[in-house]
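Here's the structure we're looking at; comments come further down.
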Number of protein chains: 2
Amino acid sequence: MEDLSHKTIHKEKIRTAIVEAARQLLEKEGWENVSIRKIAERIGYSLPMVYTHFENKEAIQKEFVKQGFNLLTDHIVTQTALETEPAQQLIALSAAYFDFSFSHACYYRLMFGLGIPSCQQVNEIGEIKRFTSTIFEVLRKLVPAATDERIFLKFHTLWSVLHGLASISMVNMTGAADTLQKQVLLDAVKGFIKNIND
Amino acid sequence: MEDLSHKTIHKEKIRTAIVEAARQLLEKEGWENVSIRKIAERIGYSLPMVYTHFENKEAIQKEFVKQGFNLLTDHIVTQTALETEPAQQLIALSAAYFDFSFSHACYYRLMFGLGIPSCQQVNEIGEIKRFTSTIFEVLRKLVPAATDERIFLKFHTLWSVLHGLASISMVNMTGAADTLQKQVLLDAVKGFIKNIND
DNA sequence: TAATTTTGCTAACAGTGTTAACCACAACCA
DNA sequence: TGGTTGTGGTTAACACTGTTAGCAAAATTA
């Protein structure tokens, strides 16, 4: 039993080493330049060792999607908690989302990369549900009387606005447009709040 | 002279054959499954022939980004022209944008694929300018008194909303959520219009 | 000690983007 | 006409990629 524990601990160590190596590569050169060989070299094992811990490269990506959503949700939770007024909370939430998309751009790209078949994955990843229900709660406080269906609609709209702004900003990166982007963010979110009851 | 014309015509023929072959592959299997070898095979020439017409694979992608923006802008222009009232034009514009993102999903993915380094490209592609100024004009009619700077802000916001909705819909593709998505679109755009003067 | 499982490796397959070296053929010049 | 120069097009290779089959050595069990 104790021995088995040793084994599993060792296994777990390698697994986290793989993830850590992949994370370093991801942040240094982007996902398209992360290769199984580079990971193997970095953890000091041979290539197939990686495959004993992850079925394929997509499985590693999935790991980062999970991590990413957890990081994002955590960030949103802490930032939202700093405000008390629901509308202000929503603004804080939006700012946090936007913030994350920049400070963890490589995560964000992986989470929403349209080129990658995230389509199927999404429905089966619990971490995303935590994210959505976090936003749900904030919206619920803002419109307590609304039906779930309505809140879902509003949630969908808000997420679209936030993601759209984040990704357009990423593509359009003129570098100095920081203040403009924050203006756009405020503009959009305030519009959203103003219209929350229609 | 005539001979030279023949030559250039031949060259042009091959070039368009390459683009057409790539387009077929793109729509059948997605960009990640488009390979230079497959293109070469499809046009009946050897592999390096492709490289005499396109510097690398990214150059072919760029071609599609241009094509995509032209298709999108054309679609927007024709759909917008069907309305006379500015606010209705904006709604038609938005619907057209959303429509395009679905009917030409593979183009759209290529145009905004975050995983691909579109970042640098954007600033040097004239086709995008046509797109932005088309939207500008519609917004201009809606708020004739506004400054260019303000319209730019509003344009940015609108684009974010549209792109966000389009890409979230793509990732979240439950298949049947079509009516919901159109609701979200209307919800967001109407909110946008309502707030256009703030 | 002998048998067996586990652990990790080397080597290969099939595919990718990209490029260097070459070949045959047409056009030009002597 | 014979030799040279360009050019359209090729084959073959390089350096990668994800992924897997097969094998050797080490550790565990009987």
Side-chain angles (χ1 to χ4, degrees), chain A residues 1-19 21-22 24-26 28-65 110 113 115-118 120-121, chain B residues 1-19 21-22 24-26 28-65 110 113 115-118 120-121:
Chain A
M1 283 294 131
E2 236 260 315
D3 205 307
L4 206 148
S5 166
H6 269 322
K7 267 189 197 170
T8 52
I9 282 175
H10 183 224
K11 271 209 154 194
E12 200 52 44
K13 258 189 178 173
I14 294 184
R15 205 195 124 94
T16 55
I18 291 173
V19 174
Q24 285 175 14
L25 288 167
L26 169 65
K28 206 177 64 173
E29 333 184 43
W31 181 247
E32 65 277 6
N33 288 330
V34 176
S35 82
I36 313 283
R37 277 173 179 79
K38 286 183 194 165
I39 293 174
E41 192 191 19
R42 245 187 164 76
I43 64 170
Y45 281 96
S46 73
L47 204 156
M49 191 82 269
V50 180
Y51 282 91
T52 65
H53 291 85
F54 291 93
E55 195 186 349
N56 49 33
K57 201 185 174 184
E58 205 179 320
I60 302 179
Q61 186 197 328
K62 199 169 176 174
E63 177 72 27
F64 284 115
V65 172
L110 221 52
I116 302 155
S118 310
Q120 313 98 317
Q121 300 183 2
Chain B
M1 284 297 128
E2 238 259 317
D3 204 304
L4 204 148
S5 167
H6 270 320
K7 268 189 199 172
T8 52
I9 282 175
H10 183 223
K11 272 209 155 197
E12 200 53 42
K13 258 190 179 174
I14 294 184
R15 204 195 123 95
T16 56
I18 290 174
V19 174
Q24 284 175 14
L25 289 167
L26 169 66
K28 206 178 63 171
E29 335 185 41
W31 180 248
E32 66 276 6
N33 288 331
V34 176
S35 81
I36 313 284
R37 277 173 180 81
K38 286 182 193 164
I39 294 174
E41 191 191 20
R42 244 186 166 78
I43 64 170
Y45 281 96
S46 72
L47 203 156
M49 191 82 271
V50 180
Y51 281 91
T52 63
H53 292 84
F54 291 92
E55 195 188 349
N56 48 32
K57 202 186 174 184
E58 206 179 320
I60 302 179
Q61 186 196 327
K62 198 168 178 173
E63 178 72 28
F64 284 114
V65 172
L110 221 54
I116 303 154
S118 309
Q120 314 97 317
Q121 300 184 3

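In what follows, every chain begins at residue 1, and chains take the letters A, B, ... in the order their sequences are listed.
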Minimal non-hydrogen separation, N33(A) against K38(A), with atom names: O-NZ, 2.9 Å
- request: Send over the distance from H53(A) NE2 to dT7(C) C1', rounded to a whole Å.
  value: 11 Å
Provide a list of protein-nucleic acid N or O atom pairs under 3.5 angstrom, restricted to nucleotides 19-21 of chain D.
{"from": "dT19(D)", "atom 1": "OP2", "to": "Y51(A)", "atom 2": "OH", "distance (Å)": "3.0"}
{"from": "dT19(D)", "atom 1": "OP2", "to": "K57(A)", "atom 2": "N", "distance (Å)": "2.9"}
{"from": "dT19(D)", "atom 1": "O5'", "to": "Y51(A)", "atom 2": "OH", "distance (Å)": "3.4"}
{"from": "dT19(D)", "atom 1": "O4", "to": "R37(A)", "atom 2": "NH2", "distance (Å)": "3.4"}

- prompt: How many Å lie between CE on M49(B) and C1' on dT19(C), as a whole number?
  reply: 14 Å
statement: Overall bend of the helix from dT1(C)-dA30(D) to dA30(C)-dT1(D) (five pairs an end, 10° steps) is 30°
- request: Assign S35(B) to base, sugar-phosphate, or nothing according to its heavy-atom contacts below 4.0 angstrom with the strands shown.
  value: sugar-phosphate
- request: Please identify each residue that fulfils ring-ring contact (aromatic ring centres under 6.0 Å, His included) with F64(A), with sequence neighbours left out.
  value: Y107(A)
task: Measure from the side chain of S46(B), starting at C-beta and using heavy atoms only, and say which of dT17(D), dT11(D), dG8(C) lies closest.
output: dT11(D)
task: Quickly work out the H10(A) NE2 to dT6(C) P distance and round it to whole Å.
output: 16 Å
query: Which part of the nucleic acid, if any, lies within reach of K11(B) when heavy atoms closer than 4.0 Å are counted: base, sugar-phosphate only, or nothing?
result: nothing
- prompt: For the pair made of CD1 in I9(A) and P in dT7(C), what is the distance, rounded to whole Å?
  reply: 15 Å
task: Take atom CD of E32(B) and atom C1' of dG15(C), then tell me their distance rounded to the nearest Å.
output: 14 Å
- request: Nearest 0.5 Å please: distance from the CG atom of L26(B) over to the CD1 atom of I60(B).
  value: 11.0 Å
message: Going by side-chain hydrogen bond (donor to acceptor under 3.5 Å, both in side chains), name the residues that satisfy it together with E12(A), two or more places apart in sequence or in a different chain.
response: none
query: Between A17(B) and I43(B), what is the shortest heavy-atom contact and its length?
result: O-CG2, 3.5 Å
- prompt: What does V50(B) touch in the nucleic acid at a heavy-atom separation under 4.0 angstrom: a base, only the sugar-phosphate, or nothing?
  reply: nothing
- request: Inspect the surroundings of CD in E41(B) and state if more than 12 heavy atoms from other residues, nucleotides or ligands are less than 6.0 Å away.
  value: no
- request: Could you state the atom-to-atom distance from CD1 of I60(B) to P of dG17(C) in whole Å?
  value: 9 Å
Ignoring hydrogens and angles, write down the donor-acceptor pairs under 3.5 Å from the side chains of residues 49-57 of chain A, residues two or more places apart or on other chains.
{"from": "T52(A)", "atom 1": "OG1", "to": "M49(A)", "atom 2": "O", "distance (Å)": "2.6"}
{"from": "H53(A)", "atom 1": "ND1", "to": "M49(A)", "atom 2": "O", "distance (Å)": "3.3"}
{"from": "H53(A)", "atom 1": "NE2", "to": "K11(A)", "atom 2": "O", "distance (Å)": "3.4"}
{"from": "N56(A)", "atom 1": "OD1", "to": "E58(A)", "atom 2": "N", "distance (Å)": "3.3"}
{"from": "N56(A)", "atom 1": "OD1", "to": "A59(A)", "atom 2": "N", "distance (Å)": "3.0"}
{"from": "K57(A)", "atom 1": "NZ", "to": "V34(A)", "atom 2": "O", "distance (Å)": "2.6"}

- line: Between CZ of R15(B) and P of dG9(D) the distance, given in whole Å, is 16 Å
task: Taking all non-hydrogen atoms of both residues into account, name the closest pair between I39(A) and A22(A) and its distance.
output: CD1-CB, 3.8 Å
statement: Across all chains, not counting sequence neighbours, the side-chain hydrogen bond (donor to acceptor under 3.5 Å, both in side chains) partners of R37(B) are none
- request: Using whole Å, report how far NZ of K38(B) lies from C1' of dG17(C).
  value: 13 Å
